[in-house]
Amino acid sequence: MSLTVSTPSPRIRIADASLHVGETVSIPGWLYNLRKSGKIVFPILRDGSGMMQCVGVKAELPEETFETIKHLTQESSVVITGVIRAEERAVGGYEMDIHSIDVLQRVPEEQPYPITPKDHGIEFLMDNRHLWLRSRRQHAILRVRHEVVRAVRDFFDNDGFTLVDCPIFTPASCEGTTTLFEVDYFEDEKVYLTQSGQLYNEATAMAFGKTYCFGPTFRAEKSKTRRHLTEFWMVEPEMAYATIEDVKQLAERFVCYVVGRVLEQRREELKVLERDTAKLEACLPPFPRMSYDDAVTFLQANGSDIQWGSDFGGTDETILTQSQDRPMLVDRFPTAIKAFYMQPDPSRPEVALGVDVLAPEGYGEIIGGGERIHDLNLLMERLHEHQLPQEPFDWYIDLRRYGSVPHGGFGMGIERCVAWICGLEHVRETIAFPRMLYRTKP
RNA sequence: UCCUCAGUAGCUCAAUGGUAGAGCAUUCGGCUGUUAACCGAAGGGUUGUAGGUUCGAGUCCUACCUGAGGAGCCA
């Protein structure tokens, strides 16, 4: 069966098939599907870069080779050698006439590959997440995610930001204290998994001017919705000498760049996902801007029972964004519901200079950020009001002692952004191995 | 933590309180251009668990377990 060993041909990836028309090449991959029709077989090979329909004709192959192909099982690992040919009837436009096949591992029929070409339920698919990643749709989503991550890095790298990553073990909370994962450190010490790199970003921004961090973030929220993971990836830029207006402009440019890159580089994947790209093409500046005050008025006029002073619910975000064709910016939230470090509006201290970006089509908040307090006394006051201990924040307070300046930034959740761009029902498909309230396997 | 819904073949789902069934997957057979191929046949079940009502329970009742969706909170 191992003809390729004695007659080695150049190995190619399916994505490069168009460069090898007429050549004899080998493609290492896995059997995606197999269609049989008497004396002709059509194994569909996948190699991670694409799909290739191969053709095996009984009359043109040794009987043993033909029988081997005919009885191949789904997801068996094989190296197929043959000649590439342009073929309109094949998906992808190219086809391979099989000369020989080398089977590395044949999936046994008594334990066949569980994910068949028909429908499956979400529980079954999540239990088989390690295999589900091989399917076309999951492949497309994770390629879009990769493009988003690349675009995020390129955007900040090309805009004068320095990447300075923040610690994952942290001694204290940035956001609320009830949503921290506690970890046993040495000598009875407790540390927590980071909820945000933002406090550290403020230190690095004072050192480099403009910085960003990008890494995993953890929230022990008992949230069981399509928008929540307990472990997610967040990119957080921070700028010295910046106001809320600078933050808003940065967020707007950033979101447009990321969406533009996916449209430019990942058309095929969006097509697999049946994403209406017109909705993404509408993502151009300027984004509509609304104050929290006006948002509350708008919501009340459109059926929400929200009262001034409380945060938006999931349905509130949907009501706000459903009439928009692009993301919207909402700013100046009640100071009382925002984190202690948020800068109050000097002319209206009851509202804070925070801004959220809400994605359209009901996807909700993808960015949260704003201007931070830079006045030492005000920061001390706010720490006290939030009943936070001073000692763990000593270093943070120091930043207001040594050349304090107005500064701000934001955080964007990668999974929510990818879910929106891909048009997915749930964020769980946007990360290879999602961690959720009741799921930590596989 | 609370609310709602669902657990039946490996998977997706049917079955008025009255003999547990189909499609896909698997195996065997047929077919030289298939596109989640198609046609024929076979094997495959402690109906989530424990109780209860009933002549009789997959179906009704109670508790529990598991999962999904949502609320609150959030990116």
Side-chain angles (χ1 to χ4, degrees), chain A residues 32-44 51 53-61 66 70-71 73-75 87-92 95 97 107-128 131-132 135-137 174-179 195-198 216-236 251 310-318 337-339 356-359 363-369 410-420 425-428 430-431 436-439:
Chain A
Y32 190 74
N33 198 2
L34 178 67
R35 287 187 282 266
K36 287 178 276 192
S37 182
K39 298 185 178 65
I40 187 166
V41 286
F42 299 98
I44 315 293
M51 302 275 187
Q53 172 161 290
C54 305
V55 186
V57 176
K58 184 170 180 154
E60 296 167 12
L61 286 170
F66 188 78
K70 204 172 140 187
H71 291 102
T73 43
Q74 196 187 357
E75 285 301 318
E87 172 57 70
E88 277 184 12
R89 286 173 290 188
V91 177
E95 203 170 67
D97 289 319
V107 175
E109 44 271 288
E110 56 273 16
Q111 258 192 311
Y113 185 70
I115 301 178
T116 65
K118 290 278 182 179
D119 292 338
H120 299 284
I122 191 63
E123 184 186 2
F124 177 78
L125 289 169
M126 289 304 297
D127 285 343
N128 287 285
L131 304 175
W132 191 21
S135 68
R136 190 169 240 165
R137 178 183 158 82
C174 304
E175 308 286 330
T177 45
T178 54
T179 59
Q195 293 171 303
S196 163
Q198 189 230 305
T217 302
F218 307 87
R219 302 270 168 98
E221 290 158 5
K222 295 211 166 174
S223 298
K224 229 173 89 59
T225 80
R226 64 189 66 195
R227 302 184 307 280
H228 286 86
L229 299 170
T230 53
E231 176 184 314
F232 63 97
W233 283 63
M234 188 154 67
V235 57
E236 296 173 276
S310 55
D311 220 331
F312 300 141
T315 48
D316 291 328
E317 291 181 346
T318 305
I337 56 168
K338 286 291 174 183
D356 283 357
V357 178
L358 306 181
Y363 279 92
E365 185 183 352
I366 53 169
I367 283 179
F410 62 78
M412 184 185 80
I414 293 295
E415 289 76 13
R416 282 191 185 175
C417 179
V418 174
W420 162 52
E425 275 297 303
H426 200 297
V427 291
R428 65 186 157 217
T430 64
I431 185 165
M436 294 176 292
L437 182 51
Y438 297 121
R439 186 175 287 278

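Residue numbering restarts at 1 for every chain, and letters A, B, ... go by the order of the sequence lines. Quick note: numbers below take in every heavy atom, side chains included, and nothing from hydrogens, waters or symmetry partners. Since the structure is predicted, the reported quantities are computational estimates derived from the model, not experimental observations.
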Q | Same-atom distance (C1') from B:C31 to B:C39, integer angstrom | A | 9 Å
- prompt: On a whole-Å scale, what distance lies between the P atoms belonging to B:C11 and B:A63?
  reply: 28 Å
Note: for A:Asp356 and A:Leu437 on RNA chain B, the residue whose nearest nucleotide lies more 5' is A:Leu437
Picking from B:C74, B:G33, B:G67, the nucleotide nearest the side-chain atoms of A:Glu317 would be B:C74
Note to self: Could you tell me if the side chain of A:Arg416 sits less than 4.5 Å from the side chain of A:His228, heavy atoms only?
What the structure shows: yes
Check: Has the side chain of A:Glu123 got a donor or acceptor that lies under 3.5 Å from a partner of the other kind on the base of B:U66?
Finding: no
Checking B:U32, B:U12, B:A75 against the side chain of A:Asp119 (C-beta onward), the nearest is B:U12
From CD1 of A:Ile115 across to P of B:A25 the rounded distance in Å is 15 Å
Of the listed B:G33, B:C73, B:A71, the closest approach to the A:His228 side chain comes from B:C73
Phosphate-side-chain proximity, A:Lys222 and B:C73, N/O vs OP1/OP2 below 4.0 Å: no
| For the side chain of A:Ser223 and the base of B:G72, is some donor closer than 3.5 Å to an acceptor across the two? | yes
From CD of A:Glu75 across to C1' of B:U26 the rounded distance in Å is 16 Å
Q) When rounded to the nearest Å, what value does the distance between C1' atoms of B:C74 and B:C5 take? A) 25 Å
In whole angstroms, the gap separating C1' of B:G67 from NZ of A:Lys224 amounts to 7 Å
Sorted by position of nearest nucleotide on RNA chain B, 5' first, the leading residue of A:Tyr113 and A:Gly38 is A:Tyr113
Notebook entry, point to check: Just by distance, do the side chain of A:Thr73 and the backbone of A:Glu109 share a donor-acceptor pair under 3.5 Å?
Noted result: no
- Query: With no angle test and no hydrogens, is the base of B:G33 tied to the side chain of A:Glu95 by a donor-acceptor pair under 3.5 Å?
  - Reply: yes
Closest of B:U27, B:G67, B:C74 to the A:Arg416 side chain is B:C74
Margin query: Any heavy-atom pair between the side chains of A:Ile122 and A:Arg428 that's under 4.5 Å?
Written below: yes
Among B:C74, B:C31, B:G33, the one nearest any side-chain atom of A:Phe42 is B:G33
- May I ask you to say what A:Ile414 touches in the nucleic acid, namely base, sugar-phosphate or nothing, with a heavy-atom cut-off under 4.0 Å? nothing
Closest non-hydrogen atoms of A:Glu236 and A:Ser196, given as atom of the first, atom of the second and distance, are OE2-OG, 2.8 Å
What I want to check is whether an N or O donor and acceptor connect the side chain of A:Arg35 with the base of B:C31 at under 3.5 Å. no
**Message:** Between B:G40 and B:G67, how many Å separate the two P atoms, rounded to a whole number?
**Reply:** 40 Å
From the candidates B:A71, B:C24, B:G33, the one with an atom nearest any side-chain atom of A:Thr225 is B:A71
Taken to the nearest whole Å, CD/A:Glu231 to P/B:C74 is 21 Å
I'd like to know if A:His120 reaches the base of B:C11 with its side chain such that a donor and an acceptor end up less than 3.5 angstrom apart. no
Exercise for the section: Quote, to the nearest angstrom, the P distance that separates B:U49 from B:C65. Expected result: 15 Å
A:Asp316 atom CG is separated from B:C73 atom P, nearest whole Å, by 10 Å
Side-chain donor or acceptor of A:Tyr113 paired with backbone N/O of A:Tyr32 under 3.5 Å = no
Side chain A:Glu415, main chain A:Trp233, donor-acceptor under 3.5 Å:
yes
B:G21 and B:A14, which share atom name C1', separated by this distance in whole Å
7 Å
With a non-hydrogen cut-off below 4.0 angstrom, is A:Arg136 in contact with a base, only sugar-phosphate, or nothing? nothing
- Task: Take atom C1' in B:G45 and the same atom in B:G52, then report the distance between them in whole Å.
- Result: 24 Å
- Any stacking of A:Phe232 on B:A75, going by centres under 5.5 angstrom and planes within less than 30 degrees? yes
Side chains of A:Phe124 and A:Pro114: closer than 4.5 Å at any heavy-atom pair? yes
For this session: Using the C1' atom on both, measure B:A50 against B:A57 and round to a whole Å.
Result: 15 Å
Pick base, sugar-phosphate or nothing for A:Gln53, based on heavy-atom distances below 4.0 Å to the nucleic acid. base
